[in-house]
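Numbering of ligands and ligand atoms starts at 1, following listing order.
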Amino acid sequence: MVKARKTFKIITYGCQMNQRDSEMMADLLQDAGYEPVAREEEAGVIILDTCCVREKAENKVYGKLGQIEKLKSANPDLVIAVAGCMVQQPGVAEKIRQQAPYVDLLLGTGNLQELPQLIEEIKAMHQPRIVVGEQEGPVVEDLPRRRARGAQAFVTITYGCNNFCTYCIVPYVRGRERSRRPENIIKEVKELADQGVIEVTLLGQNVNSYGRDLKDGINFAGLLERVNAVEGLKRIRYVTSHPRDFTPELVTTISRLDKVCEHVHLPVQAGSNRILELMHRGYTREHYLELVADLRRHIPGISLTTDLIVGFPGETEADFEDTLDLVARVQFDNAFTFMYSPRRGTEAATMPGQLPTATKKERLKRLMELQNSISLAKNEALVGQEVEVLVEGPSKTDPDQLSGRTRTNKLVIFPGDQSLTGRLVRVRLTRAQTWLLKGEMVDG
Ligand code: SAM
Ligand code: SF4
């Protein structure tokens with residue numbers, strides 16, 4: 001008898017942390033004999049790795065579950081799992097079970113290692129399972145060996161967050177901040193470099209506070225020094241930086257280390273000091289502007305990106321104009337702009353002055369218009385320059401072209417052979433758009 005193929009498909013929502021969790025689940029399943037497939041219709045196991053930072057992200061998951069129900073009706077052996085941050089919120093696992101009783105497994109962020117075993121149990125017993133433990137367990141290090149997927153890789157350096165920004169659900173679903181030991185991080189980076197990875201992105205909700213809980217003197221600057229020394233590695237990125245914890249020592253360290261890329265993602269969230277205080281961000285707009293000036297002084301050509309929230313409770317037109325003013329002053333290369341979304345259990349959700357959606361939408365539109373014009377002008381200023389690009393593969397919009405990123409994290413599209421995927425090439429930038437640059441390869 002031919003043994004049935006064991007196949008899986010993971011659908012990931014949200015941030016790079018979730019992408020990394022999804023990779024870890026894929027490694028665990030592949031070690032257990034499962035094969036990844038491209039289409040949900042071909043999969044014996046479908047996993048939704050969810051996000052709950054904004055309501056929109058949650059709605060997408062409910063919509064997807066509705067679609068998957070049809071696959072389950074056609075194939076009752078299909079195992080459907082919902083994992084990730086959404087499940088970690090009180091009452092949500094039960095709500096999903098009620099709304100989508102065909103879901104077989106609800107798996108918390110701290111229980112991912114149990115996935116293969118749980119799938120086998122579900123297949124054998126035909127009983128749904130809810131496995132949601134404490135988010136704050138110890139950092140698990142005995143995971144399967146990392147499988148490199150191409151030339152780029154994410155490496156988690158901290159789990160959780162201690163900041164409790166008043167709008168944010170992350171500390172509730174991911175627990176308090178826990179740093180991985182530097183030797184474990186370096187071991188993982190070396191393993192990846194040995195498999196051909198040339199660019200790593202170090203991940204943490206606030207990378208700048210890395211090491212505080214280890215209490216042995218290591219900090220983020222020290223960690224970067226050690227990662228920079230890993231042979232074979234060419235580029236180091238890191239997200240996310242918290243402006244409050246970006247020390248002058250860190251600015252000089254990143255300016256000195258050759259592999260650390262000239263790009264900082266530095267979420268400011270708002271430009272009004274009153275709103276920053278209500279958000280519990282721990283810095284002022286003046287501090288932020290000084291930090292930007294310091295980064296630009298030490299690292300010429302650095303690109304800066306940010307996250308911005310409009311319509312935080314109590315945000316007045318004047319507060320919002322402070323945000324527009326800050327954006328105009330800083331001239332960010334790019335920004336992720338969000339409408340404030342109340343999250344149950346967070347402080348801001350019950351603050352007075354919740355704004356109507358129409359106001360949030362109108363402010364978002366104005367903010368995006370401003371940022372788009374800045375992004376375009378920034379890109380236009382680069383036309384004519386020759387830059388190093390790491391080829392990521394065929395362009396999503398035009399498969400005959402290649403797409404890749406500069407050290408400053410600019411997306412570049414240019415003609416070239418797919419065999420260059422994973423390589424560093426030189427590209428002359430020829431045309432600018434808001435979100436990307438077009439270019440052509442140059443020799444050498
Ligand atoms: N730790 C990072 C930081 O401090 O910036 C990012 C965490 S969060 C996953 C990514 C972004 O989502 C935040 O920077 C913020 O702009 C946005 N965000 C978080 N909670 C939000 C909410 N309730 N409504 C709208 N946007 C939110
Ligand atoms: Fe959320 Fe603030 Fe922590 Fe970022 S720093 S994850 S926004 S609480």
Side-chain angles (χ1 to χ4, degrees), residues 12-21 49-59 84-86 88-89 109 135-136 154 156-179 201-210 212-213 220 238-246 264-271 275-283 288 291 304-315 323 326-327 332 334-351 354-355 357 359-361 363-364 367-368 371:
T12 310
Y13 300 85
C15 66
Q16 293 98 334
M17 288 281 173
N18 274 17
Q19 284 183 44
R20 177 64 205 115
D21 282 351
D49 193 3
T50 62
C51 167
C52 59
V53 164
R54 284 168 292 277
E55 196 184 351
K56 210 165 141 188
E58 292 196 344
N59 290 343
C85 293
M86 233 172 116
Q88 213 65 50
Q89 299 172 91
T109 49
Q135 332 87 342
E136 274 179 58
F154 293 126
T156 306
I157 64 165
T158 62
Y159 295 93
C161 184
N162 284 351
N163 285 314
F164 289 94
C165 301
T166 52
Y167 50 81
C168 184
I169 194 133
V170 170
Y172 301 93
V173 294
R174 290 277 182 174
R176 295 305 86 72
E177 185 174 275
R178 287 144 292 149
S179 302
T201 304
L202 306 178
L203 295 182
Q205 294 298 345
N206 176 8
V207 289
N208 309 103
S209 62
Y210 170 78
R212 251 178 227 171
D213 52 324
F220 184 54
Y238 49 91
V239 275
T240 298
S241 295
H242 195 301
R244 185 198 55 211
D245 298 320
F246 214 113
V264 180
H265 184 62
L266 196 62
V268 64
Q269 313 296 1
I275 297 295
L276 285 171
E277 202 175 328
L278 285 172
M279 287 178 164
H280 199 218
R281 287 291 288 177
Y283 54 84
Y288 189 90
L291 176 58
L304 294 173
T305 55
T306 200
D307 292 347
L308 293 152
I309 297 177
V310 299
F312 186 82
E315 184 189 72
T323 296
L326 180 128
V327 167
F332 292 107
N334 205 345
F336 296 100
T337 50
F338 307 109
M339 281 195 287
Y340 168 69
S341 169
R343 304 282 65 207
R344 201 148 56 94
T346 62
E347 215 181 311
T350 52
M351 280 182 185
Q354 302 284 329
L355 295 180
T357 307
T359 309
K360 293 185 204 173
K361 276 195 177 154
R363 288 184 185 167
L364 185 70
L367 180 60
M368 284 170 74
Q371 181 53 49

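Of the protein's non-hydrogen atoms, D307 OD2, 2.6 Å is the one closest to atom 14 (O) of ligand 1. Among protein heavy atoms, the minimum distance from atom 20 (N) of ligand 1 is reached at Y167 CD1, 3.3 Å. Nearest to atom 15 (C) of ligand 1 among the protein's heavy atoms is Q269 OE1, 3.4 Å. Looking only at heavy atoms of the protein, atom 25 (C) of ligand 1 is closest to M339 O, 3.4 Å. Of the protein's non-hydrogen atoms, N163 ND2, 3.3 Å is the one closest to atom 5 (S) of ligand 2. Of the protein's non-hydrogen atoms, the one nearest atom 6 (C) of ligand 1 is Q205 OE1, 3.9 Å. When hydrogens are left out, the protein atom nearest atom 8 (S) of ligand 2 is C165 N, 3.4 Å; that is the closest non-hydrogen contact. Atom 5 (O) of ligand 1 has as its closest protein heavy atom P267 CG, 3.1 Å. With respect to atom 3 (C) of ligand 1, the closest heavy atom belonging to the protein is T240 CG2, 3.8 Å. In this structure, the protein non-hydrogen atom closest to atom 7 (S) of ligand 2 is Y167 OH, 3.4 Å.
Within 6.0 Å of CZ on F336 lie no more than 12 heavy atoms contributed by other residues, nucleotides or ligands.
Looking only at side-chain heavy atoms (C-beta outward), T201 and Q16 stay at 4.5 Å or farther from each other. Side-chain contact between Q205 and P171 is absent, with no heavy atoms from C-beta onward closer than 4.5 Å. Side-chain contact between N162 and R212: absent, with no pair of heavy atoms (C-beta onward) separated by less than 4.5 Å. No side-chain heavy atom of S341 sits less than 4.5 Å from a side-chain heavy atom of K56.
For R281, the closest heavy-atom approach to ligand 2 falls below 4.0 Å.
For ligand 1, the polar-atom distance check against N206 finds no nitrogen or oxygen pair separated by under 3.5 Å.
Comparing I169, V53, N18 against atom 8 (S) of ligand 1, the shortest heavy-atom distance belongs to V53. Residue C168 holds the heavy atom nearest to atom 1 (Fe) of ligand 2 of all those in G204, C168, P171, S209. Compare H242, R54, R343, Q16 by their heavy atoms: the one nearest to atom 27 (C) of ligand 1 is in R54. When the heavy atoms of P243, P342, S341 are ranked by distance to atom 23 (N) of ligand 1, first place goes to S341.
Near C161, meaning under 4.0 Å from one of its heavy atoms, ligand 2 places the atoms 3 (Fe), 5 (S), 6 (S), 8 (S). Counting atoms of ligand 1 from 1 in the listed order, those under 4.0 Å from a heavy atom of Y340 are 24 (N), 25 (C).
Just one residue in the list V264, L291, N206 forms a side-chain contact (heavy atoms from CB on, under 4.5 Å) with S241, and that residue is V264. Of the residues R244, H280, R281, the one that meets the side-chain contact (heavy atoms from CB on, under 4.5 Å) test with N163 is R244.
Residue contacts with ligand 1 for R281 involve side-chain atoms from C-beta outward but no N, CA, C or O (heavy atoms, distance under 4.0 Å).
Taking the six-membered ring where tryptophan is involved, the planes of Y288 and Y283 are tilted, since the angle between them lies from 30° to 60°.
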